[in-house]
J.: 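Got a structure for you, questions after.
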Amino acid sequence: MAAAVQTFDLTVTSSGKAVRLRLTTTALFVSRQDKREAEVPVRQVIGAYHASNTLELYYLARKSAKSQLALSKIEGTADEAQTKAWCEAMMDIAYQGVKPYRRLKVLINPFGGKGRAGALYNKVVEPIFRAAKCPMDATYTTHSKHAVEIASTLDFVYDALVVVSGDGLMHEVMNGFAQHPQSARAFELPVALVPGGSANATSLNILGTKDGVDCAAAALNAIKGKPMKVDLFLLTQGGKTTISTMTQALGIMADCDLGTESWRWMGEARFVLGFLRGLVAFKTCPLVVQIKVAEQDKARMVQALESSKASSPAGPQGQGQLQSPTSPSCDAGSACKAAAEGSLPDLAQPVDQMDGWLTFDKPAVYLYAGKGPFVARDLMQFPVSVPDDGYVDIVVQERRTRLEMISGIEGAASGAQFWLESKHYFKATAYRVKCLETRGYFAVDGESYPFTDFQVEVLKGLGTLLSPYGHYAEDLSRSKRMTKGL
Ligand SMILES: Nc1ncnc2c1ncn2[C@@H]1O[C@H](COP(=O)(O)OP(=O)(O)OP(=O)(O)O)[C@@H](O)[C@H]1O
């Protein structure tokens, strides 16, 4: 479409009726004789194809403001030359700044999200990929760690890797990349998540609490999202290293997840009940935490969130430019190789207090560390998290009164509990935990790990996720809410 032209109309005949398609630089308007005009943001247009005088148009639309996105198709005929010109203009605008026809490697965990991932893929996701004419190579995982095997041997013939499952499969994919013979290159491959798991925390962070559970919105992100660098974590424990992609938890927050596995039938209610059970016991978590602190002033953290937002591209694709990704400060492949060769950090060696390490020695009920504001739909544990600031956000909940902890429940979803005085919040480049007992739960990305000493270091900007925004989806309202607390 010529730059000076603001709209481009095409009227097609579809099932004997006239349908007017009006294309502007931001939206597609679809008018039919007997229906209200539909306005579709250009980002939601999946494909416009022509063959002689026929047109096929695919887009995602919501039936109501509250409903999820669904694939719509219009087939019709019109003048051949006009149809061709209109389809080409539509594709140019719909894929502004993004290469169409992405080649996708898709991993589906048939057991993800109570076994719904396969059905969601077939019913919702695959038809969208087909409508976008994306070449697909899909694999259903057949066993635990299958995704590690696939990611560690992946050929570089894809534009993106799509994971249809929960956070567990993404953890496996990143660990597979770390084992890849060309790990640095493997980590460059953008990963798109389709929420086919139970908690789907990463999807919530990337797409927002509404769209983070919407498989069609996630499929759209796989087709059109832009690469966003995210920090990953190198966890050293018992002479081994693992990549953690999301969180590490000990104390009540691990107990209410891993300690309630037998209550899975309750759904998400098990976490709340587990938390309340933990409050009744109100045990001190037997650990010593040492933290290489970069920031511990909450107000300054909110300001840093604001400035990270300002330097991020504004709005969804088509309305802003993506920042060029920062290069990783550490290559997980070489870190893992160093670990295999025996140059792991010696956790028995004292840390250098002069080098910014501090020891947290107050009694604590939990430690929760990680990346990404939401750890569950109703818990914004890390409200000032930034995808690639090079820091792990650490929350140590000091053991004071039960009442104070209960008062924090109300502000859990909005992040308001961040301001509680008993919630010690650190931004750090590394931390160490010494476990003072042998019994307890330690959750890494929601999976169970031994309750023994460990160290976590940040691998700055090592992972690449596809994102519609270039920052976490909730950033705008999140930082607004946080700024109010200043
Ligand atoms: N075919 C399979 N059989 C058994 N386990 C599998 C299979 N494929 C994958 N897995 C395992 O399923 C585990 C859980 O997957 P995932 O975390 O993605 O889903 P979830 O637990 O339902 O979601 P979430 O982590 O978001 O709560 C992964 O750790 C993976 O090892």
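For ligands, and for the atoms within them, numbers begin at 1 and follow the listed sequence. What you see below is based on every heavy atom in this structure, not just the backbone, and it leaves out hydrogens, waters and symmetry mates.
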J.: Establish, yes or no, whether a centroid distance under 6.0 Å links the rings of F382 and F418.
T.: no
J.: Looking at R432 and D453, is any side-chain nitrogen of the basic one under 4.0 Å from a carboxylate oxygen of the acidic one?
T.: no
J.: Scan residues 142-166 for pairs that pass salt bridge (charged side-chain N to carboxylate O under 4.0 Å, His left out), counting only residues two or more places apart or in two chains.
T.: K99-D159, R103-D159
J.: Show which side-chain atoms of residues 117-128 pair as donor or acceptor with protein atoms under 3.5 Å away, not counting sequence neighbours.
T.:
from: N122; atom 1: OD1; to: Y140; atom 2: OH; distance (Å): 3.3
from: N122; atom 1: ND2; to: G118; atom 2: O; distance (Å): 3.3
from: E126; atom 1: OE2; to: R130; atom 2: NH2; distance (Å): 2.7

J.: Non-hydrogen atoms closer than 4.0 Å to ligand 1: which protein residues do they belong to? List them by chain and number, please.
T.: N109, F111, G112, G113, T141, T142, H143, S144, K145, S165, G166, D167, G168, L169, E172, G197, S198, A199, N200, E447
J.: For D231, give me all partners under salt bridge (charged side-chain N to carboxylate O under 4.0 Å, His left out), at least two apart in sequence or on another chain.
T.: K371
J.: Are the aromatic rings of F451 and Y441 close, with centres under 6.0 Å apart?
T.: no
